[in-house]
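Contents: one structure, followed by commentary.
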Amino acid sequence: MLDRKYILENADAVKTNCRNRGVAVDVEAFLRLELARKEKLAQVERLNAEANAVSKSIGQMKTPEDKDAKKEEGRLFREQKNTAQSELETIEKELDAIHRSIPNMSHPEAPIGADDQANLRRFLGKTPVPTFDFKPLDHVQIAEKLDLIDFEAGARVAGAGFYFLKNEAVLLELALQRYAVEILMQAGFVPTTTPDLARNEVLQGTGYIPRGPETQIYSIDGTDLSLVATAEIPLGGLLAGEVVEAEKLPLRLCGISHCFRTEAGAAGKASRGLYRVHQFTKVEMFAFTLPDQSDAMHQEMLDLECKIFDGLGIPYQVVDTATGDLGGPAYRKFDLEAWMPGRGDGGEYGEV
RNA sequence: GGAGAGGUGGCAGAGUGGUCGAAUGCGCGGGUUUGCUAAACCCGUGAGCUCGUAAGGGCUCCGCAGGUUCAAAUCCUGUCCUCUCCGCCA
């Protein structure tokens with residue numbers, strides 16, 4: 001979330017950014033409320049200061065009569081303070097609602113545009129898209145032939161969108177995790193496995209909304225926990241409330257976690273096979289950096305992604321994601337999109 | 001699941017209603033002394049917000065959220081976390 005002071009001081013830039021990202025927010029209303037909040041806060045603090053001064057003087061009073069008189073005076077100040085405070089809270093609540101919907105600033109170099117149309121292809125990976133002199137099978141057909149994935153059993157146990165990996169597919173999944181983690185460890189990333197559940201507080205802190213009609217998140221009934229949608233969530237909460245020495249940054253972490261997504265509203269979208277499932281396992285890169293290290297870290301991560309995919313011989317393209325296409329808290333995002341044979345008409349690039 | 005103990009500044013650790021934003025030690029910064037280093041000694045040293053050109057002032061913060069009170073680190077309630085013991089289970 002953007003700092004309130006930052007918004008106040010950079011109102012025009014914030015408004016432009018909202019427009020670029022296609023987010024409709026009343027920034028003017030925010031500015032009005034923020035000024036009102038400050039004014040009310042000053043009033044609360046003034047009353048508090050007076051009440052504190054009275055309280056302090058009571059200890060020094062000699063006679064019970066003097067004490068009682070001062071107590072009464074103090075009580076009056078506290079009452080006024082409480083009134084002002086509840087007015088302040090009303091303002092804050094209204095302010096907060098707007099504040100939450102103001103998106104982070106996008107990177108100055110991110111292409112401006114409403115959707116994928118503005119995304120710019122930066123480059124292709126080392127491996128060319130293969131051509132076959134026969135009709136290739138897609139992963140679902142291959143898996144069926146070799147008894148690698150059981151979608152029906154997954155559906156019996158947990159419903160559509162779940163699956164059992166079997167036989168060599170299990171070894172392949174483990175091998176891929178191990179392969180990625182080894183590359184990341186060489187690059188100085190500390191490997192972790194994370195909790196697959198996190199407090200809703202942590203979800204919100206990392207930009208995910210646990211409940212509501214649009215949510216991608218599974219919540220555990222009767223608790224304040226949700227299933228994580230990516231290791232980014234627990235890793236983001238890893239140092240919540242802690243102070244980190246600047247010299248220790250950047251802190252590089254990679255997390256292996258299961259990822260759970262409801263995929264609400266995703267019915268009908270390319271959902272055959274393993275492309276859009278409710279649970280999968282992912283190796284995630286994550287870093288805590290100073291703001292001026294952020295661009296370099298972003299590049300470092302992209303280079304590692306490329307290394308991983310080049311090493312596997314998987315064709316891919318890297319795109320600059322447009323302002324209007326950035327998810328939640330994103331500042332800047334390169335997407336590495338892998339070639340997916342059998343998807344679309346014979347194959348297409350898709351997010352991995 | 002049951003019983004108990006505890007969560008205080010970067011760390012350790014005192015503090016049971018007002019003079020406590022908080023003793024003391026360590027650490028850290030500056031200085032004195034000094035072939036160098038160390039030791040010793042002296043001074044300083046939490047954070048956020050806010051007003052002010054500044055000097056400086058005010059508010060808030062003792063896990064978190066409420067409550068009692070003129071006044072809460074201190075009393076009450078809830079909650080989270082840590083530790084010890086017992087039970088149950090992988």
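Residue numbering restarts at 1 for every chain, and letters A, B, ... go by the order of the sequence lines.
- Taking atom C1' in both G21(B) and U60(B), the straight-line distance is 11 Å, to the nearest Å.
- The shortest distance between side-chain heavy atoms of Asp310(A) and Tyr316(A) falls below 4.5 Å.
- Checked against C70(B), C81(B), C59(B), the side chain of Asn48(A) finds its nearest nucleotide in C59(B).
- Atom P of A40(B) sits at a distance of 22 Å from the matching atom of A23(B), rounded to the whole Å.
- If you take atom P in U16(B) and the same atom in G63(B), they sit 15 Å apart, rounded to whole Å.
- For the contact set between residues 75-102 of chain A and RNA chain B, defined by any heavy atom under 4.0 Å, the members are Arg75(A), Arg78(A).
- Using a 4.0 Å heavy-atom distance criterion, Lys67(A) is classed as making no nucleic acid contact.
- Looking at residues two or more places apart in sequence or on another chain, you find a side-chain hydrogen bond (donor to acceptor under 3.5 Å, both in side chains) between Lys81(A) and Gln85(A).
- Here, G44(B) and C62(B) have their C1' atoms 23 Å apart, quoted to the whole Å.
- Judged by distance alone, the side chain of Asp320(A) and the main-chain N or O of Pro111(A) form no donor-acceptor pair under 3.5 Å.
- The list of side chain to side chain donor-acceptor pair (under 3.5 Å) pairs with a residue in residues 22-34 of chain A, not counting sequence neighbours, reads Lys15(A)-Glu28(A), Glu34(A)-Arg37(A).
- Comparing G57(B) with A5(B), their P atoms sit 43 Å apart, to the nearest whole Å.
- Taking atom P on both U8(B) and A14(B), the two are 11 Å apart, rounded to the nearest angstrom.
- Separating the C1' atom of G1(B) from that of C88(B) is a span of 8 Å, rounded to the nearest Å.
- For Lys5(A), the listed nucleotide lying nearest its side chain is U50(B); candidates were G58(B), U50(B), C70(B).
- Using a 4.0 Å heavy-atom cutoff across all strands shown, Ala42(A) reaches no nucleic acid atom at all.
- Contact annotation for Asp68(A): no contact, since no heavy-atom pair falls under 4.0 Å across all strands.
- Across all strands shown, G27(B) pairs with U45(B); the Watson-Crick or G-U wobble distances both stay below 3.5 Å.
- Nucleotides A39(B) and U33(B) place their C1' atoms 11 Å apart, quoted to the nearest Å.
- Nearest to the side-chain atoms of Glu45(A) among the listed nucleotides G58(B), C70(B), U60(B) stands G58(B).
- Each of U60(B), C70(B), U50(B) was ranked by its minimum atom distance to the side chain of Lys38(A); first place goes to U50(B).
- Arg46(A) comes within 4.0 angstrom of no nucleic acid atom, judged by non-hydrogen atoms across all strands.
- Ring-plane geometry between His278(A) and Phe162(A) is classed as tilted, the angle between the planes lying from 30 to 60 degrees on a 0 to 90 degree scale.
- With Gln141(A) contributing its side chain and Asp138(A) its backbone, the two residues share a donor-acceptor pair below 3.5 Å.
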